[in-house]
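The next block holds one structure in the form of structure tokens; read it before the comments.
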Amino acid sequence: MSKSKPTLPRGTRDFGPEVSAKRTYIIDKIKQNFIKYGFSQLETPSMENLSVLTGKYGDEGDQLLYKILNSGDYLSKTNPSDYELGSKHLTNKIADKGLRYDLTVPFARYVVMNQHEISFPFKRFQIQPVWRADRPQKGRYREFYQCDADIIGSRGIWNEAELTLLFNDVFNDLGLEDYVIKINHREILFMLAEYVELKDQAVAFCAEIDKLDKIGEERVIENVLVLGGDNVKMREVMELLTSNSREHLIEKVSAIDPGNKGVKEIIQYFEALDQFADKNLKIELDLSLARGLSYYTGMIYEVKPTSVQMGSICGGGRYDNLTGVFGLQGISGIGISFGLDRIYDVMEELDLFPEEITQRLEVLIVHFSESNLLHSQTVVMKLREAGIKADLYPESDKIKKQFNYADKIQTPFTLIIGDDEVKTGKFMLKDMKSGNQKPMTLDEIIREFKG
RNA sequence: GUGAUUGUAGUUCAGUUGGUUAGAACGCCUGAUUGUGGUUCAGGAGGUCGCCGGUUCGAAUCCGGUCUUUCACCCCA
């Protein structure tokens with residue numbers, strides 16, 4: 001028996017009581033808003049067949065998929081030549097399941113499998129962990145939670161607008177103010193690619209554009225020229241990428257192609273949201289926003305914290321053919337995803353969690369003897385029945401030890417029960433912060449907490 | 001996958017050119033204090049120096065490997 005110290009797989013974490021309470025707080029706020037906006041909950045298995053997952057996230061994504069070794073004698077269906085053909089080939093022979101990489105693909109699978117029962121438009125939300133075999137670093141884990149909401153089977157631009165309002169409501173509820181919702185439209189990016197004469201390399205063009213805030217204007221222009229882009233036109237485009245005046249941008253891109261679908265949709269989108277000017281939505285049209293996920297075809301979103309050094313905390317966009325790979329064509333959808341772990345990190349850094357969410361108890365009962373303990377048992381149950389978070393120190397240790405415990409768990413009040421209290425029916429309620437205490441009847445105590 | 005970086009007590013960290021028994025602070029336990037916690041004082045427990053190997057008379061210290069931490073690139077929540 002080796003006695004090695006236990007460890008966690010890298011990139012994974014335990015969530016202790018305090019962290020867990022804070023995470024639950026965030027999840028609750030997100031979930032309440034999902035429900036308020038009419039989404040229904042879906043849960044899917046942690047593992048999917050690899051045939052469902054592979055090829056959906058690009059070559060990079062396939063590398064990052066966690067594969068599950070087949071049960072039993074997983075070598076029985078292989079022969080030595082499979083080994084010779086390399087690990088990628090061998091993987092297909094010995095693993096046919098993998099851990100889910102995101103929530104969107106499992107959702108698409110679900111929609112296809114249940115298409116006859118679903119009434120479109122279908123709004124679903126899903127809050128579950130996903131796994132990526134990435135190398136961990138700041139704000140990046142191998143196991144993390146996504147909180148997704150998707151609207152599928154509707155092309156109306158109100159959906160785009162509504163999800164923006166949902167972002168706003170969630171961050172309002174969380175008390176998080178330092179963020180900006182960046183939006184863009186894939187059609188506009190494609191139009192710009194065509195304008196700089198990179199129509200056939202639109203994806204590569206987008207990838208370069210996306211690096212703007214990291215590597216700067218000059219290097220982006222250089223890289224685009226290497227791709228074969230037009231120098232003069234690219235410099236015109238760069239002016240657009242760095243502008244944040246909505247009117248100016250819409251005017252300019254309209255001039256390039258008045259019939260562009262993206263431009264039309266962006267105009268409709270703002271028209272809808274202008275009705276909610278009182279909400280002071282923090283939206284920014286940013287033509288340099290590209291986003292990697294290849295399935296997006298329309299509007300794309302990203303929410304970025306503004307006062308904390310951190311990547312995006314939410315992302316999303318419209319996809320026209322998500323279910324196409326599973327044989328169901330023509331279903332358009334739009335979805336957003338909240339990055340729970342990153343939102344947590346931002347809130348922690350800005351100290352935005354309310355104090356009471358980590359408070360375990362409202363009152364702890366301490367006592368002086370075995371017979372006092374017996375009496376205390378009925379008292380603690382009465383307090384609980386009254387809806388008070390109450391606990392009883394479960395053995396008659398020295399009073400000092402009991403108070404020490406009350407201190408450690410930061411109980412705001414203790415209820416002291418001794419022979420005098422049992423005799424008079426008045427228990428000593430002590431405010432642990434001030435040290436003040438006074439004898440009160442059970443009814444008075446319940447009123448104190450609930451009144 | 002590429003390139004750096006970290007690891008010593010429960011925690012945060014010292015530890016000299018390689019040299020007796022590896023230290024501090026905080027935390028923890030006991031007592032001062034048998035109906036009152038936080039403060040104070042006294043005492044105590046706690047380490048295979050991440051792991052494996054190498055160099056050396058001798059390694060926490062030097063070298064190699066491995067795991068781990070953190071960070072950047074790629075990509076992404």
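In what follows, chains are A, B, ... by sequence order, proteins preceding strands, each numbered from 1.
Using a 4.0 Å heavy-atom criterion, one finds that Q402(A) contacts no nucleic acid atom at all. As judged by a 4.0 angstrom heavy-atom cut-off over every strand, D341(A) is placed among residues making no nucleic acid contact. When heavy atoms are screened at a 4.0 angstrom cut-off, K398(A) is found touching the sugar-phosphate backbone but no base atom. Contact annotation for G61(A): no contact, since no heavy-atom pair falls under 4.0 Å across all strands. If you check every strand for non-hydrogen atoms under 4.0 Å, E421(A) touches a base. Within 4.0 Å of I416(A), counting heavy atoms only, lies at least one base atom of the nucleic acid. Within the 4.0 angstrom heavy-atom criterion, no nucleotide atom of any strand lies near S337(A). Among the heavy atoms of the strands lying under 4.0 Å from Y141(A) is at least one base atom, whether or not backbone atoms are also near. Using a 4.0 Å heavy-atom distance criterion, K433(A) is classed as a base contact.
Spacing between U5(B) and U69(B) at atom C1', rounded to whole Å, works out to 9 Å.
With E48(A) as the fixed residue, the salt bridge (charged side-chain N to carboxylate O under 4.0 Å, His left out) test singles out one of K97(A), R100(A), R109(A): R109(A). Considering R23(A), K22(A), R342(A) in turn, K22(A) is the only one that fulfils the salt bridge (charged side-chain N to carboxylate O under 4.0 Å, His left out) rule with E348(A).
Residue Q137(A) places no side-chain N or O under 4.0 Å from the OP1 or OP2 atom of U70(B).
A77(B) has no stacking from Y145(A) on its base ring, since the centres under 5.5 angstrom apart and planes within 30 degrees of parallel are not both found.
Taking the ring centroids of Y344(A) and Y145(A), they lie at or beyond the 6.0 Å cut-off. If you look at F413(A) and F449(A), their ring centroids are closer than 6.0 Å.
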